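Both backbone and side-chain heavy atoms feed into the values below; hydrogens, waters and symmetry mates do not. First the proteins, then the strands, lettered A, B, ... as listed; each starts at 1. What you see is a predicted model, and the numbers here were worked out from it, not measured in a lab.
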Amino acid sequence: MTVRVRFAPSPTGSLHIGSVRTTLYNYLFARQSKGTLILRIEDTDQERFVPEALDSIYDGLGWVGITWDEGPREGGPHGPYVQSERLSLYQERARALVSQGDAYPCFCSKERLASVRTQQQTRGEVTRYDRNCRTIEPARAAARAASEPHVIRLKVPEDGTIALDDLVYGHVEWPLRAIEDQVLLKSDGFPTYQLAVVVDDHRMRISHVFRGEDWLPSTPKHLLVYRAFGWEAPPHAHLPNVLGPDGKKLSKRHGATRVEEFRAQGYLPEALLNYLALIGWSPGTEEEVFDVARMIELWRIEQVHKAGGKWDRERLDHFNGLHIRALGPDALFERLAAFAPAHWDRALLRRTVPLVQERLRTLAEFPDLVSFLFDDAGVKPAAAQLVPKKREAAETVEALAQAAVVTRFADWSAAALEGGLRGAADELGWKAGDLFMALRLAVTGKTVTPPIIDSILLLGRERALARIERAQEALQEGPPSIR
RNA sequence: GGGGCCAUCGUCCAGCGGCUAGGACGCCGCCCUUUCAAGGCGGUAACGCGGGUUCGAUUCCCGCUGGCCCUACCA
């Protein structure tokens, strides 16, 4: 069988991280099956439509590296791939259902619907459309439909059950009496999701439906539509949701949920996908760090489990760190460059890569870590900080002077600098660590930095010396209390 | 209210009748070490409850409890 799967976002906002996970699973399945992946835009709600959303979908998926074969901008044999451009198709199918007696026009106003609902509520009854228009005689209904505003509703059987054998959840059954006469075509001529998804999945020859778990409760409606059309429903797999830390569906109030945000916060797309794939799926072994190619090999729908998984930022950070460390130096440099101020010297920046690679969890942490190399004015250590515990300011001035001598005359290599500095510490009767820390403060202005010897090497002899000198001056001018 | 789904460390997963219940994140130690990381080693911590079935249940069945989703002319 030829695999054809789709992901079908509605353009109501920017691309959500949960949609990325759903899309990823569709993508992995399509690629490992040598099948086709389709993007379809479900813009049947004109009120919630956001014009920029399509760009967000393309940008976001493009960034993570998911590619597809048929879609609004790619075209394909089953287009158009935007539902608002397929209106006449849905209308025609809805009319067919009416004429074969499986659907009917409904003329109830929204006001009536609302009052029926509140009445049912106050009586403690199930709130459901009362099927008021279902009994209008077909000829009469057709006549009214010609002039009156109306919707088309599915004629749901009074009882019986309908079932799905879900690829993830197994056998699920619903009593038909719990399902209302669903609207298929709205009064503005647009289809509802329930109609459009079935018509399109069928017309586009979709072989498997993989979608979020939250669709499971409305699946019986779709099954009923398939049945009414006499079409066979493709296999379905519902995917467990990505939850917020509080266990509810992940949403903006949990923090970042938009792909763009993760990009801006310095996450690597490969890390994001790796982490995301593991919410709801495991290869069954202890392997858990993968690139996309490896996931395409390993992923199996049978290994997707049922329970929703909570979002865990710490764990994402961990995976991001792993993927940062897995990058080659040039690749990391390119990613880092995007996070550095434009005026920072690129050649110097390139040389910082080995110093930061194992210290970063996100790319966004990079500028802070190396800013001392690019910004002379920003380095101003406080006098009090420069003096190690149990040392005096005067001693520290002397120690820095010795460090300056080494810095001026040593061969310009890590080995020579380190040897010289350790020798100087010995002569001074200082612990090497104390001298390194004083020097670190003097040269970088910070207590947490990349290794200080390498940092000095990158800074250059003259700049380093200037900073040591400045630190000495600061100490000599320091407040009396620390002299 | 109705329908559906789910249930192993704090979190993400493994387990698919017999295991000292495993890995990862986090956390805590130790090692390494010029700070911070990274890395290595070790530790902490879980089968929601009650009934069955079975020689034997984390695993199968039922109930309970809890959580979540849907219940729109939204998707």
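At the phosphate of B/C5, neither OP1 nor OP2 sits under 4.0 Å from any side-chain N or O atom of A/Lys306. Listed pair A/His318 / B/A24 fails the phosphate criterion, with no side-chain N or O lying under 4.0 Å from OP1 or OP2. Residue A/Lys248 places at least one side-chain N or O under 4.0 Å from the OP1 or OP2 atom of B/C68. At B/C70, none of the side-chain N or O atoms of A/Arg128 fall inside 4.0 Å of OP1 or OP2 (strictly under the cut-off). Contact annotation: A/Arg48 does not reach the phosphate of B/A75 (side-chain N/O to OP1 or OP2, under 4.0 Å). Distances shorter than 4.0 Å separate some side-chain N or O of A/Thr44 from OP1 or OP2 on B/A75. Of the side-chain N and O atoms in A/Lys249, none sit less than 4.0 angstrom from OP1 or OP2 of B/C69.
Counting atom types as modelled, A/Arg315 pairs no side-chain N or O with a base atom of B/U11 as donor and acceptor under 3.5 Å. No hydrogens or angles were tested; on distance alone, nothing pairs the side chain of A/Ser282 with the base of B/C13 as donor and acceptor under 3.5 Å.
A salt bridge does not link A/Asp201 with A/Arg211: none of the charged nitrogens is closer than 4.0 Å to a carboxylate oxygen. Salt bridge A/Arg95/A/Glu92: absent, no basic N to carboxylate O contact under 4.0 Å.
Using a 4.5 Å heavy-atom threshold, the side chains of A/Phe49 and A/Ser84 count as separate.
Across all strands shown, B/A72 forms no Watson-Crick or G-U wobble pair with both key distances under 3.5 Å. Look at B/C25: its Watson-Crick or wobble partner, with both distances under 3.5 angstrom, is B/G10. For B/C30, the paired nucleotide is B/G40, the pair qualifying as Watson-Crick or G-U wobble because both relevant distances are below 3.5 Å. In this structure, B/A45 forms no base pair with any nucleotide, since neither Watson-Crick nor G-U wobble geometry is met with both distances under 3.5 Å. Across all strands shown, B/U20 forms no Watson-Crick or G-U wobble pair with both key distances under 3.5 Å. A 3.5 Å limit on both hydrogen-bonding distances identifies B/C62 as the Watson-Crick or G-U partner of B/G50. Pair assignment for B/C5 gives B/G67, based on Watson-Crick or G-U wobble hydrogen-bonding distances that are each under 3.5 Å.
One P atom belongs to B/C62, the other to B/A45, and the distance between them is 34 Å to the nearest Å. Across the C1' atoms, B/C25 and B/G66 are found 26 Å apart, a figure rounded to whole Å. Rounded to whole Å, the separation between the P atoms of B/G67 and B/C31 comes to 46 Å. Look at the P atom in both B/G42 and B/G22: the space between them is 14 Å, to the nearest Å. As rounded to the nearest Å, B/A57 and B/A21 have P atoms that lie 15 Å from one another. When the P atom is used for both B/A72 and B/G3, the distance is 15 Å, rounded to whole Å. Taking atom C1' in both B/U65 and B/A24, the straight-line distance is 30 Å, to the nearest Å. Of the C1' atoms belonging to B/G18 and B/A75, the separation is 48 Å, rounded to the nearest Å.
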Q: Given side-chain hydrogen bond (donor to acceptor under 3.5 Å, both in side chains), test A/Lys221 with A/Gln194 step by step and report yes or no.
A: CA-CA 7 Å; A/Lys221 299 169 188 170; A/Gln194 331 297 346; 5.2 Å; no
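Put simply, CG on A/Leu195 is 15 Å from C1' on B/C74, counting in whole angstrom units. Spacing between atom CD of A/Glu47 and atom C1' of B/C73 amounts to 9 Å, rounded to whole angstrom units. Between the CG atom of A/Leu316 and the C1' atom of B/A24 there is a distance of 14 Å, given to the nearest Å. Atoms CD1 (A/Ile456) and P (B/U35) sit 15 Å apart, rounded to a whole Å. The CG-C1' distance, from A/Leu278 to B/G23, rounds to 11 Å in whole Å. The CH2-C1' distance, from A/Trp311 to B/C13, rounds to 16 Å in whole Å. Atom CG in A/Asp317 sits roughly 18 Å away from atom P in B/A24 (whole-Å rounding). For the pair A/Leu250 CG and B/G67 P, the computed distance is 20 Å after rounding to whole Å.
Of the listed nucleotides (B/G22, B/C73, B/G4), B/C73 has the atom at the smallest distance from the side chain of A/Arg153. Picking from B/A37, B/C73, B/U34 the nucleotide with the shortest atom distance to the side chain of A/Leu113 gives B/C73. Of all nucleotides listed (B/G39, B/C5, B/G23), B/G39 comes nearest to the side chain of A/Leu322. The side chain of A/Val183 lies closest to B/C73, out of B/A75, B/C73, B/U34. Comparing B/C73, B/U35, B/G1 by their nearest atom to the side chain of A/Pro451 picks out B/U35. With B/G2, B/A72, B/C74 as the choices, the nucleotide that has an atom nearest any side-chain atom of A/Lys186 turns out to be B/C74. Nearest nucleotide to the side chain of A/Arg361, out of B/U35, B/G26, B/G10: B/G26. Taking only side-chain atoms of A/Glu42, from C-beta outward, the nucleotide of B/A75, B/C36, B/A37 with the closest atom is B/A75. If you check B/C69, B/G2, B/C73 against the side chain of A/Pro217, the one that comes closest is B/C69. Taking the side chain of A/Arg325 as heavy atoms from C-beta on, and the options B/G1, B/C25, B/A38, the nearest nucleotide is B/A38.
Between A/Tyr275 and A/Phe319, the angle of the ring planes lies from 30° to 60°, which puts this pair in the tilted group.
No contact: A/Glu125 has no heavy atom under 4.0 Å from any strand. A/Pro450 comes within contact range of at least one nucleobase, with a heavy-atom separation under 4.0 Å. Looking at heavy-atom distances under 4.0 Å, A/Gln121 makes no contact with the nucleic acid at all. Among the protein residues, A/Pro191 comes within range of the sugar-phosphate backbone only, with heavy atoms under 4.0 Å from sugar or phosphate atoms but none that close to a base. Using a 4.0 Å heavy-atom criterion, one finds that A/His305 contacts the sugar-phosphate atoms exclusively. Residue A/Tyr169 is classed as a sugar-phosphate contact, given heavy-atom separations below 4.0 Å to backbone atoms only. Within the nucleic acid shown, A/Glu358 comes within 4.0 Å of at least one base atom, counting heavy atoms only.
Taking the six-membered ring where the residue is Trp, the centroids of A/Trp281 and A/Phe210 are separated by 6.0 Å or more. Ring pair A/His236/A/Tyr169: centre-to-centre distance not below 6.0 Å. Residues A/Trp215 and A/Tyr193 bring their aromatic ring centres within 6.0 Å.
Taking CG from A/Leu441 and CD1 from A/Ile468, the interatomic distance works out to 12.5 Å, rounded to the nearest 0.5 Å.
Take the nearest nucleotide of RNA chain B for A/Lys221 and for A/Glu314: the residue whose nucleotide is more 5' is A/Glu314. Comparing A/Ile453 and A/Asp214 by the nucleotide of RNA chain B that holds the closest heavy atom to each, the one mapping nearer the 5' end is A/Ile453.
Other residues, nucleotides and ligands contribute more than 12 heavy atoms inside 6.0 Å of the CZ atom of A/Arg325.
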